[in-house]
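These numbers were taken from a predicted model, which means no experiment stands behind them.
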Amino acid sequence: MKLSWHGTASILLESEGYRIAFDPFLTIPLHETTCRRKLHAVKYRTADSVLVTHGHFDHILDIPRLYQKSDTLIYATSAPCKTLMKRGMEREQLRVIIPGATFQLGNFTIRVYQGRHCRFDLGIMLKTIFKWDTFLYPKRLYELIKLNRLYAENGETLFYEIEAEGKRIQLLGSMGLDINTAYPTGADVLILPFQGTSDPARTVVPIINKLQPKRIYLDHYDNTFPPMTRHIDTVEFTAKLLRSGIPAAALKRGKVYEI
C-alpha cells in the first residue's frame, strides 16, 4: 500500500491500483508555484474515489474543479455535500455517509467514525491577529474568514479507518476525537493533523494515548494559507515520540511511503 501527502490534509492512498484521495486541496495562489499546483492537480485527478473528513474550505474547495464531470465519486457527510452542490457538483456524483458506515472501495475497507474538529483557542487567535502577515495582507485574512463561513464544518468531522493488505490506517481531518465514540486501537499508522491550536503537541497527546498507534505521520503542519496558518515545527515533537518508542515523522510533500 502506498501513501503520499500533498499539502494541508490531502492524502493519496493506493492499493492494487485503486487510489483514494482524502480532502484534496490545492494551495491558494501566491503561496505556491503554478507548476507545483498543476503537478498536484494531476495526482489528485488519478483518484478513483474521494473521501472528505469535513466541510471546511481547505478540505473541499477544489473538489468541483478537480472532479466535476468525471466518474470519481465523492464520499462526505451531509454538510459538505450540500456545499459542493451549491458549487456546481451533481447530486449523482456525491455519496452521503454517516458515522457507523462501512463500505468497500477497490481493495480498501472503509470504516467511518464520528470525529471532532479542534477548538481554536485564544492563543491561536492572538497569534494569528498579531502575525506580521496579518498586517501585510489584511484583505487576505478577511477573504479566508469569509471562506470559513461559506464552507461550514457543522459538527460533522469524520474519523476514518482504512484497511487493505492486512494493514490498518487511521486518518483524522482535525485534532479531535468524539468523547462518546469507542475507537479501535493499535492501528499500523495514524495520520494526524498538527495545526489548529496554540500548542499542537499538547493537543495531540490524549489522542495518541487513546488510539495507541504503532506509527504516527503528521500532516497539515504546513503554512498553506497565511496568515490563518503557520508552519509548525515538528522536529522536537517527533523526536520525543521516537524516544518514547513510537516511530513518528512529519510527512514530506510528494514523497511516497510504503505501508
Side-chain angles (χ1 to χ4, degrees), residues 1 3-13 20 22-23 51-54 56 58-59 99 108-121 123-124 127 153 155-224 229-253 255 257-259:
M1 183 162 36
L3 178 155
S4 57
W5 174 66
H6 300 275
T8 55
S10 302
I11 297 288
L12 276 174
L13 284 182
I20 302 177
F22 293 84
D23 296 343
L51 270 64
V52 173
T53 61
H54 63 280
H56 280 155
D58 55 323
H59 295 256
F108 294 97
T109 300
I110 312 296
R111 299 182 183 92
V112 186
Y113 296 85
Q114 180 67 49
R116 183 176 64 81
H117 199 278
C118 67
R119 295 186 177 93
F120 303 122
D121 56 46
I124 194 68
K127 285 180 180 179
E153 182 264 342
E156 296 182 12
T157 294
L158 295 179
F159 171 112
Y160 287 110
E161 182 170 88
I162 308 103
E163 186 173 354
E165 302 179 30
K167 301 285 186 179
R168 287 189 298 128
I169 296 176
Q170 293 179 339
L171 183 146
L172 284 76
S174 185
M175 293 189 297
L177 296 176
D178 178 58
I179 60 172
N180 297 314
T181 297
Y183 298 98
T185 61
D188 295 281
V189 172
L190 173 63
I191 302 173
L192 191 55
F194 204 62
Q195 181 144 212
T197 67
S198 56
D199 190 351
R202 183 177 180 179
T203 304
V204 299
V205 167
I207 297 173
I208 295 169
N209 290 340
K210 187 168 187 176
L211 298 177
Q212 300 175 25
K214 296 175 183 175
R215 179 179 295 273
I216 294 171
Y217 285 131
L218 302 179
D219 70 351
H220 219 331
Y221 63 87
D222 50 333
N223 190 17
T224 311
T229 58
R230 59 193 176 100
H231 178 81
I232 308 296
D233 188 357
T234 63
V235 174
E236 183 179 344
F237 183 67
T238 53
K240 184 177 180 180
L241 288 174
L242 287 167
R243 289 195 297 270
S244 70
I246 303 175
L251 290 168
K252 303 300 182 184
R253 191 190 297 261
K255 180 179 177 179
Y257 297 79
E258 299 281 346
I259 305 298

Enquirer: Measuring from Ile208:CD1 to Ile216:CD1, what's the distance to the nearest 0.5 Å?
Expert: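 Result: 3.5 Å between the selected atoms.
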Enquirer: Would you say the side chain of Leu13 lies within less than 4.5 Å of the side chain of Leu171, judging by non-hydrogen atoms?
Expert: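 Heavy-atom side-chain distance check fails, nothing below 4.5 Å.
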Enquirer: A side-chain contact here means heavy atoms from C-beta on lying under 4.5 Å apart; do Asp23 and Val52 qualify?
Expert: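 Yes. Closest side-chain heavy atoms under 4.5 Å.
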Enquirer: Measure the spacing between OH of Tyr160 and CD1 of Ile110 and express it to the nearest 0.5 Å.
Expert: 8.0 Å
Enquirer: Can Thr203 and Thr197 be counted as having a side-chain donor-acceptor contact under 3.5 angstrom?
Expert: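 Yes - a donor-acceptor pair under 3.5 Å links their side chains.
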Enquirer: Under 4.5 Å between any side-chain heavy atoms of Tyr217 and Ile259, yes or no?
Expert: yes
Enquirer: Do the non-hydrogen side-chain atoms of Pro213 and Val189 ever get within less than 4.5 Å of each other?
Expert: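 Pro213 does not reach Val189 side chain to side chain.
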Enquirer: Centroid separation under 6.0 Å, is that true for the rings of Phe159 and Tyr113?
Expert: yes
Enquirer: Is there a side-chain contact between Leu172 and Thr53 (heavy atoms, below 4.5 Å)?
Expert: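 Leu172 vs Thr53: side chains apart.
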Enquirer: Rounded to the nearest 0.5 Å, how far apart are CD1 of Ile162 and CE of Met1?
Expert: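 Result: 8.5 Å between the selected atoms.
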Enquirer: Taking the side chain as every heavy atom from C-beta outward, state whether Arg116 and Leu177 have any atom pair closer than 4.5 Å.
Expert: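 A side-chain contact under 4.5 Å is absent here.
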Enquirer: Between Phe237 and Ile232, is there a side-chain heavy-atom distance shorter than 4.5 Å?
Expert: no
Enquirer: Do His231 and Asn223 have side-chain N/O donor and acceptor atoms under 3.5 Å apart?
Expert: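 No.
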Enquirer: Is the ring pair His54/His56 parallel, tilted or perpendicular, if the boundaries are 30 and 60 degrees?
Expert: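 His54 vs His56 ring planes: perpendicular.
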Enquirer: Using a strict threshold of under 4.0 Å (side-chain N to carboxylate O), is an ion pair present between Asp188 and Lys214?
Expert: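 Asp188 and Lys214: salt-bridged.
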